[in-house]
Asker: 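Sending over a structure as structure tokens; questions will come in a sec.
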Amino acid sequence: MNAIPQLFFDAMSLGGIYAMAALGIALIFGVMKLVNFAHGEYIAFCVFALIVPSTDAVAVMFLGKAPAFLLIPTLLLIGAAVAVASEFFVFRHMRNATPVAMMISSFALGFVIQNILLVVFSSRPKAVSLWPELNQPVSIAGASIPLLQLIVILSTLIVVVTLAVLLKRTRIGLEMRAAAENFTMARLLGVRANVVITGAFALSGALAAAVALIMVTQTGVADIRMGGQIMLVAFIATVIGGLGSLPGAVAAGFLIGAASVILQGFLPLEARPFRDAFLFTLVIVSLLLRPEGLFAPRSSKPRV
Amino acid sequence: MAQSHKQKRLSAWSTPLLLIAILLVFTLLVTVLGDKPLARMAAQTLIRVTFVVGLWIFVGNSGVVSFGHAGYMAIGAYCSAWLTLRPQMKGMFLPDLWPFLANAEWHVFPAAVASGLLAAFVALISGAAILRLTGIAASIATFAFLAIVYTIYSSWEGVTGATSSVVGLTRYANQWVTFGWASVTVLAAAWYANSASGLALRASREDEVAADASGINMYRHRLLSLVVSAFFTGVAGALFAHSLGVLNPNSFYLGITFITLAMLVVGGIGSLTGAVTGVLVLSIIIEALVRMERGMTIGETTLALPTGAQEIIIGIIMILVLIIRPAGLTGGRELRLRIGGRGQT
């Protein structure tokens, strides 16, 4: 078995998931300076939308039984709907609040979603088998990797390209970029604030749904806590990439994925349980070297 | 003019005394009226007061949201366990401790102080790096710090017991001990906030650039407030350990980080009164909901909330408070006595 291509594909697919989650957070931050802690819970919600509501240990597929061409768009829509609903019921009423108050209320919202899932589905992780055939290994460049990893890498590329086209070529994309650059100025020039914000939430929710699909296929488990860890990493990726910078979020997502796979592969065995401690130390070091982020847009530096 | 200045100072000092009086009434009421579980809840609440007021010393004055304080709490809690557990038990459960710690059998009070000092020392080292950052980058760095502490404490088998819990700590932290520490913390917080360093730090919170131009070294004051703040969160950790008697790294991760930040923000991040109010209000609501979940018997019917409803309701209450009062319940104002003439309330 060839170790280097193996590591490369592991890093790319893990990085792809982080990048998609980070994009979801960066989109909303760019438009309304909201650090959305509920994003992880959008992911968990989408996972549980696949199965029949019950507290039994065995999951029965509900939406998950649908064929892929129906399942994928429906789940993306569900993700978008949850995110838009959360904006409508919570964040729309906090436009003038400080970023800290918004951040805490997004956490509270995540807490509410998580506990609704807990009441409906119980806290035990459930086995879910969605598209198990995708975990079959294929061999490329001497490495034997699950087909799913290839799909993850490909779909990350598709998502990033689609998003880039959307942002560069459509009117709503133009408005979103203007809003991310300078929200007040954009509004003065006639950008429709509510449309842009709703659009950003819908995109972010759809990205959460995509992450949910990948995670559930990869792990085969539905757990109400599954959003927490990935949200933390995505959140860090957003900051390292330069807050408000979408290409930065993607690049930093891949970077963290790569760093984490490399540490896992090359740390001595007794230090391996401490991998995350090394990873987060690297995060602090990177922040110290580039406090504005690695790919900060010029507008992120406050003017005096 | 000099007179009014003196009055203002006196009036500022009335805040911690009033807050301690409120905590005293709370503790007395619970002790006199309540049962044993209620007394335990009071001790937990007062530990949270210690923690949140400790957190406020840094967050309230500097304006930087810290996600890392649960890490300082974990450091304090485990330090107290290392110092106070009986050596035989440590030999069994924590075999890799250094000989000095393995043989230590300290009294609980010096152990609590030592826990605070260790947390303060770690804050000095970690803060020296983290506080070079400002704004959201600093917050993320504190988050990374929390994740580092959590990873180390939940993987270092022979020293922290990793994810299997450390048991057998003396459960001395009842409502009176915790009331004592909470009062000390409130006094220290008021003293720091009214000190030259605290005022300078709050000036930098309001306008970084103007404060810098006035010759305020923001970095130094932030570091000082973080060290003071970490001391009390470390002590809160030690109290937490000795109130439950059991230690697990999961108690010091995202859950407690968010609930304590929520308490601070719901109460009002801008004032000491807000920190205390947030903890008391949310703790009382949580306790009431937990009791309602267990069921209330009225006549012959038992009314009970479904399990899990408590968390959902508390989340919704938090969101509503933040929508209606984005600056928190106290809106950043302090509770204080008017002393002589026109004071500010």
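All of these numbers come straight from a predicted model, not from anything done at the bench. Chain identifiers are assigned alphabetically (A, B, ...) following the order of the sequence lines, protein sequences preceding nucleic acid strands; residue numbering begins at 1 within each chain.
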Asker: Using atom types as modelled and distance alone, determine if a side-chain donor or acceptor of B:Trp56 lies under 3.5 Å from a backbone N or O of B:Ala189.
Answerer: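 Not confirmed, B:Trp56 side chain does not pair with B:Ala189 backbone.
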Asker: Distance only, no hydrogens: is a donor on one side chain within 3.5 Å (strictly under) of an acceptor on the other, for B:His69 and B:Ser229?
Answerer: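 The criterion, which ignores hydrogens and geometry beyond distance, is satisfied for B:Ser229 and B:His69.
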Asker: What parts of residues 262-284 of chain A touch chain B if we use heavy atoms and a cut-off under 4.5 Å?
Answerer: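 Result: A:Pro273, A:Phe274, A:Asp276, A:Ala277, A:Phe280, A:Thr281, A:Val283, A:Ile284.
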Asker: Going by residue number, which parts of residues 102-114 of chain A are within reach of chain B, meaning a heavy-atom gap below 4.5 Å?
Answerer: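 The residues closer than 4.5 Å to chain B, in numerical order, are A:Met103, A:Ile104, A:Ser105, A:Phe107, A:Ala108, A:Leu109, A:Phe111, A:Val112.
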Asker: Which bit of B:Ile314 is near chain A, if near means a heavy-atom gap under 4.5 Å: side chain, backbone, both or neither?
Answerer: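 For B:Ile314, the side chain is the part near chain A, not the backbone.
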Asker: Taking atom CZ of A:Phe37 as the centre, does the number of heavy atoms from other residues, nucleotides or ligands within less than 6.0 Å exceed 12?
Answerer: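 Counting neighbours around CZ of A:Phe37, more than 12 heavy atoms of other residues, nucleotides or ligands fall under 6.0 Å, so yes.
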Asker: Measure from the ring center of A:Phe88 to the ring center of A:Phe201 and say whether it is less than 6.0 Å.
Answerer: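 No; A:Phe201 has its ring centre 6.0 Å or more from that of A:Phe88.
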Asker: Once salt bridge (Lys or Arg N to Asp or Glu O under 4.0 Å) is applied, what residue pairs with a partner in residues 207-222 of chain B remain, sequence neighbours excluded?
Answerer: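 Matches after skipping sequence neighbours: B:Glu208-B:Arg222.
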Asker: So which heavy atom on B:Arg48 is nearest to which on B:Val279, and how close?
Answerer: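 Looking at all heavy atoms of both residues, the closest pair is CB-CG1, 3.8 Å.
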Asker: Please flag which part of A:Val90 lies under 4.5 Å from any non-hydrogen atom of chain B: side chain, backbone, both or neither.
Answerer: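 For A:Val90, backbone and side chain are both near chain B.
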Asker: Let me know if A:Val285 has heavy atoms under 4.5 Å from chain B in its side chain, its backbone, both or neither.
Answerer: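 The answer is neither part of A:Val285.
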Asker: Please report the closest heavy-atom contact between B:Ser139 and B:Val64, naming both atoms and the distance.
Answerer: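 Heavy atoms only, the tightest pair is OG-CG1, 4.2 Å.
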Asker: Would you mind checking which part of B:Phe143 comes under 4.5 Å of any heavy atom in chain A, side chain (CB onward), backbone (N, CA, C, O), both or neither?
Answerer: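 Contact with chain A: side chain only.
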Asker: With a 4.5 angstrom heavy-atom cut-off, could you sort out which part of B:Tyr153 is near chain A: side chain, backbone, both or neither?
Answerer: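 B:Tyr153 has no heavy atom closer than 4.5 Å to chain A.
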Asker: Ion pair present between B:Glu287 and B:Arg291, side-chain N to carboxylate O less than 4.0 angstrom?
Answerer: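 Between B:Arg291 and B:Glu287 there is a salt bridge, with a charged N closer than 4.0 Å to a carboxylate O.
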Asker: Aromatic rings A:Phe121 and A:Phe48: how do their planes relate, parallel, tilted or perpendicular, breaks at 30° and 60°?
Answerer: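 Rings of A:Phe121 and A:Phe48: tilted, as their planes differ by 30° to 60°.
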Asker: Taking all non-hydrogen atoms of both residues, which atom of A:Ala200 and which atom of A:Val31 are closest, and how far apart?
Answerer: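 Here A:Ala200 and A:Val31 meet closest at CB-CG2, 4.1 Å.
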Asker: Output the option from B:Ile324, B:Val321, B:Ile323, B:Ile152 having the highest count of non-hydrogen pairs under 4.5 Å with chain A.
Answerer: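 Max contact count across the listed options: B:Ile323.
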Asker: Can you see which heavy atom on B:Met318 is nearest to which on B:Ala262, and at what distance?
Answerer: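 It is CE-CB, 3.4 Å.
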Asker: Provide the closest heavy-atom pair for A:Leu287 versus B:Ala137 in the form atom of the first, atom of the second, distance.
Answerer: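 Minimum heavy-atom separation between A:Leu287 and B:Ala137: CD1-O, 3.7 Å.
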Asker: Most heavy-atom pairs under 4.5 angstrom with chain B, which of A:Thr98, A:Leu232, A:Ile236?
Answerer: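 With the most close heavy-atom pairs to chain B, the winner is A:Leu232.
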Asker: For the atom pair CG (B:Leu254) and CG (B:Leu146), what is the distance rounded to the nearest 0.5 Å?
Answerer: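 Going from CG on B:Leu254 over to CG on B:Leu146, the span is 6.5 Å.
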Asker: Among residues 251-261 of chain A, which ones touch chain B with a heavy-atom distance under 4.5 Å?
Answerer: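 Result: none.
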Asker: Pick whichever of B:Val265, B:Thr134, B:Ile140 has the most heavy-atom pairs under 4.5 Å with chain A.
Answerer: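 Highest number of pairs under 4.5 Å: B:Ile140.
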Asker: Tell me whether the centres of the aromatic rings in B:Tyr72 and B:Phe145 are closer together than 6.0 Å.
Answerer: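 When the ring centroids of B:Tyr72 and B:Phe145 are compared, they turn out to be within the sub-6.0 Å range.
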Asker: Determine the minimum heavy-atom distance between A:Ile197 and A:Glu87, stating which atoms define it.
Answerer: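 What the structure gives for the nearest pair is CG2-OE2, 3.5 Å.
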Asker: Can you find a pair of side-chain heavy atoms, one from A:Arg92 and one from A:Asn194, that are under 4.5 Å apart?
Answerer: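 Yes, at least one pair of side-chain atoms sits under 4.5 Å.
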Asker: CZ of A:Arg95: more than 12 outside heavy atoms within 6.0 angstrom?
Answerer: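 For A:Arg95, atom CZ is crowded (more than 12 foreign heavy atoms under 6.0 Å).
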Asker: Identify which part of B:Leu320 has an atom lying under 4.5 Å from any heavy atom of chain A, answering side chain, backbone, both or neither.
Answerer: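 B:Leu320 has no heavy atom closer than 4.5 Å to chain A.
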